[in-house]
Colleague: 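Below is a structure I'd like to ask you about.
Counting starts at 1 for both ligands and their atoms, following the listed order. Not measured: the values here are computed from a predicted model.
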Amino acid sequence: VAYRTIADDGNAVIILDQTLLPDAAVERRLTSLDDASNAIRIMQVRGAPLIGASAAYGVALGLQAAADDAALEHALTTLAATRPTAVNLHWALDRMRRVLAPLPAAARLEAAWREARAIAAEDAAANAAIGRHGLPLLEEIAKRRAVVNVMTHCNAGWLATVAHGTALAPIYAAHAKGIKLHVWVSETRPRNQGRLTAWELADAGVPHTLIADNAAGLLMMQSKVDLLIVGADRIAANGDTANKIGTYLKALAAQAHGVPFYVAAPRSTIDFACPNGAAIPIEERSSAEFGDAGTDTPVANPAFDVTPAALIRGIVTECGVIAPNDLQAIRP
Ligand code: MRU
């Protein structure tokens, strides 16, 4: 799928406001560092790879008025504080720092736009490659099933990336090849990113069914799921994987019922400096996301959980499908 979620015109960054989707598709122009950091924080842009690209563009916006060391540091620290779990954010900011810090201030703005565009283009290319590498997993199942039943969680489609998606990239590739598919789309409380996935799949003409998160175990027990594939927000060096809250329960059910469980993510989502899942910071979001909890009811709202590497059959990356205990093999 060739849709792109983020672009620029040299002065502003143009995004699709995901807080209004799927009910309305509204573009927004981000013209300042505050616009960019706010867009990430309130999830107008979301999904680990898109958060990374947005942060890179945010640095360019932040250097428009001044590009001295103080302005660069301010942009980097402001953007780094927006969301804690998706490591693509820090990966992109580290890359921007490495490129920009050694340059004279007068050269930084142009270099920032150039590097942000490169990060975005590389993300799109990596996700297209994830689609190609994940396709054989679905082709293999199609040899013995009239319809391949895939389950996914959250939204790891093109909306969550610059283009193509991660977990949905192999699904789009298989659909384009004429493989008959059906996708179980988990609603993903409390933010309902499953509705974004359903919207994407409807647009692409991929048959799908929206389910309550808690229906996943029953469907696996009833042999209605051939394969699970989800995205990732941060993969530790040992393969433990943080993804949207509820992913871990799906992985447990998949293990219990012998359903292969795959993670799809670009290398920019692998945190080689993070030894294991226990070291991954888990974002705690506002109780307001529950809407109707009642004012006196205490709410806990962890936005991500960690699936242990042992529950993951393989990690689909732009470098191929890698065993979770073999990530060092693709360390850049
Ligand atoms: O809180 P979100 O909506 O930004 O979380 C997104 C997810 O958990 C995605 O599944 C993950 O980032 C992979 S996106 C390709």
Side-chain angles (χ1 to χ4, degrees), residues 1 3-6 15-19 21-22 39-55 82-92 120 123-124 126-131 134 151-172 183 185-200 213 228-235 241-251 261-271 280-286 289 301-307 312 315-318:
V1 180
Y3 294 116
R4 238 188 107 117
T5 50
I6 191 160
I15 59 156
L16 192 54
D17 184 346
Q18 299 199 24
T19 60
L21 285 174
I40 297 171
R41 188 176 300 104
I42 69 169
M43 292 168 67
Q44 287 177 335
V45 287
R46 44 150 297 283
L50 179 57
I51 290 171
S54 303
T82 51
R83 294 193 71 188
T85 303
V87 79
N88 305 59
L89 175 76
H90 304 284
W91 170 87
D123 183 63
N127 301 329
I130 287 172
M151 182 179 282
T152 192
H153 187 60
C154 193
N155 169 261
W158 60 266
L159 282 169
T161 66
V162 174
H164 305 294
T166 55
L168 294 194
I171 291 171
Y172 290 136
V183 183
V185 179
S186 187
E187 191 179 28
T188 314
R189 289 299 178 98
R191 292 288 295 233
N192 296 314
Q193 286 93 334
R195 290 186 70 208
L196 301 176
T197 298
W199 182 77
E200 276 195 35
D213 297 328
L228 265 115
I229 188 161
V230 299
D233 289 82
R234 188 184 301 226
I235 302 173
T241 295
N243 191 49
K244 182 53 56 192
I245 192 79
T247 302
Y248 172 47
L249 282 176
K250 287 192 168 55
F261 181 95
Y262 286 90
V263 169
R267 257 193 318 189
S268 53
T269 304
I270 304 171
D271 185 355
I280 298 177
I282 300 293
E283 179 176 15
E284 182 71 31
R285 291 192 67 88
S286 162
E289 292 189 340
N301 187 15
F304 300 94
D305 59 25
V306 176
T307 298
I312 300 169
I315 300 181
V316 188
T317 72
E318 68 270 42

Colleague: Identify, by atom number and element, the atoms of ligand 1 in contact range of Thr161, meaning under 4.0 Å from any of its heavy atoms.
Modeller: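 Per the distance check, 15 (C).
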
Colleague: How far is atom 5 (O) of ligand 1 from the closest protein heavy atom, and which atom is that?
Modeller: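 The protein heavy atom lying closest is Lys244 CE, 3.3 Å.
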
Colleague: Side chains of Tyr172 and Glu200: do they bring a donor and an acceptor to under 3.5 Å?
Modeller: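 There is such a pair between these side chains.
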
Colleague: Just which atoms of ligand 1 are under 4.0 Å from any heavy atom in Gly231?
Modeller: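 Checking each atom against Gly231, I get 13 (C).
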
Colleague: Please determine whether any non-hydrogen atom of Asn155 lies less than 4.0 Å from an atom of ligand 1.
Modeller: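 Contact present.
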
Colleague: For ligand 1, which atoms sit closer than 4.0 Å to a heavy atom of Ala48?
Modeller: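 Heavy-atom distances to Ala48 below 4.0 Å select 12 (O), 14 (S).
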
Colleague: Taking atom CG of Leu50 and atom CZ of Arg4, what is their separation to the nearest 0.5 Å?
Modeller: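 CZ of Arg4 is found 10.0 Å from CG of Leu50.
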
Colleague: Check each atom of ligand 1 against the heavy atoms of Gln193 and keep those under 4.0 Å away; list them by number with element.
Modeller: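 Taking each heavy atom of Gln193 in turn, ligand 1 has 1 (O), 2 (P), 3 (O) under 4.0 Å.
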
Colleague: Could you tell me whether ligand 1 has any atom less than 4.0 Å away from a heavy atom of Ala86?
Modeller: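 Judged by the 4.0 Å heavy-atom criterion, Ala86 does not count as contacting ligand 1.
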
Colleague: At less than 4.0 angstrom from any non-hydrogen atom of Ala160, what atoms of ligand 1 do you find?
Modeller: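 The atoms of ligand 1 under 4.0 Å from a heavy atom of Ala160 are 14 (S), 15 (C).
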
Colleague: Which is it for Cys154 and ligand 1 at heavy atoms under 4.0 Å: side chain, backbone, both or neither?
Modeller: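 The part of Cys154 near ligand 1 is the side chain, not the backbone.
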
Colleague: Which heavy atom in Asn88 sits nearest to a heavy atom in Ser268, and how many Å separate them?
Modeller: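 That would be ND2-OG, 3.1 Å.
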
Colleague: Within a strict 4.5 Å, meaning less than it, do heavy atoms of the Gln18 and Met43 side chains meet?
Modeller: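 Gln18 does not reach Met43 side chain to side chain.
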
Colleague: Run the salt-bridge test on Glu187 and Arg195 with the 4.0 Å N-O cut-off and return the result as yes or no.
Modeller: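 Result for this pair is no, no salt bridge flagged.
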
Colleague: Any atom of ligand 1 sitting under 4.0 Å from a heavy atom of Arg83?
Modeller: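 A heavy atom of Arg83 does come that close to ligand 1.
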
Colleague: Side chain, backbone, both or neither: which part of His153 has a heavy atom under 4.0 Å from ligand 1?
Modeller: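 Under 4.0 Å from ligand 1, His153 contributes no heavy atoms.
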
Colleague: Could you find the nearest protein heavy atom to atom 15 (C) of ligand 1 and give me its residue, atom name and distance?
Modeller: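 Going by distance alone, atom 15 (C) of ligand 1 is nearest to Thr166 OG1, 2.9 Å.
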
Colleague: Please confirm whether Met43 approaches ligand 1 to less than 4.0 Å, judged on its heavy atoms.
Modeller: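 Met43 counts as a contact of ligand 1 under the 4.0 Å cut-off.
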
Colleague: Judged by modelled atom types alone, do Arg46 and Asn155 share a side-chain donor-acceptor pair under 3.5 Å?
Modeller: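 Looking only at side-chain atoms, Asn155 and Arg46 do form a donor-acceptor pair, the distance falling under 3.5 Å.
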
Colleague: Does even one non-hydrogen atom of Pro49 get within less than 4.0 Å of ligand 1?
Modeller: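 True for this residue.
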
Colleague: Cation-pi check for Phe261 against Lys250: NZ or CZ below 6.0 Å from the six-membered ring centre and within 45 degrees of the axis, yes or no?
Modeller: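 Judged by the rule (NZ or CZ under 6.0 Å from the ring centre, within 45° of its axis), Lys250 is not positioned above Phe261.
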
Colleague: Would you find more than 12 non-hydrogen atoms of other residues, nucleotides or ligands less than 6.0 Å from Arg189 atom CZ?
Modeller: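 Counting neighbours around CZ of Arg189, 12 or fewer heavy atoms of other residues, nucleotides or ligands fall under 6.0 Å, so no.
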
Colleague: Give me the residue, atom name and distance of the protein heavy atom closest to atom 10 (O) of ligand 1.
Modeller: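 Of the protein heavy atoms, Asn243 OD1, 2.9 Å lies nearest.
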
Colleague: How far does OG1 of Thr241 sit from CG of Asp233, to the nearest 0.5 angstrom?
Modeller: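 It comes to 10.0 Å.
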
Colleague: Which residue supplies the protein heavy atom nearest to atom 8 (O) of ligand 1, what is that atom called, and how far is it?
Modeller: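 For atom 8 (O) of ligand 1, the nearest protein heavy atom is Asp233 OD1, 2.7 Å.
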
Colleague: I need the Ile245 CD1 to Asn301 CG distance, nearest 0.5 Å.
Modeller: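 Taking CD1 in Ile245 and CG in Asn301, the distance rounds to 8.5 Å.
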
Colleague: Tell me the protein heavy atom at minimum distance from atom 3 (O) of ligand 1, and give that distance in Å.
Modeller: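 Nearest neighbour among protein heavy atoms for atom 3 (O) of ligand 1, to 0.1 Å: Arg46 NE, 2.5 Å.
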
Colleague: What I'd like to find out is whether the side chain of Ser186 reaches to under 4.5 Å of the side chain of Thr152, using heavy atoms alone.
Modeller: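 No, every pair of side-chain atoms sits at 4.5 Å or beyond.
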
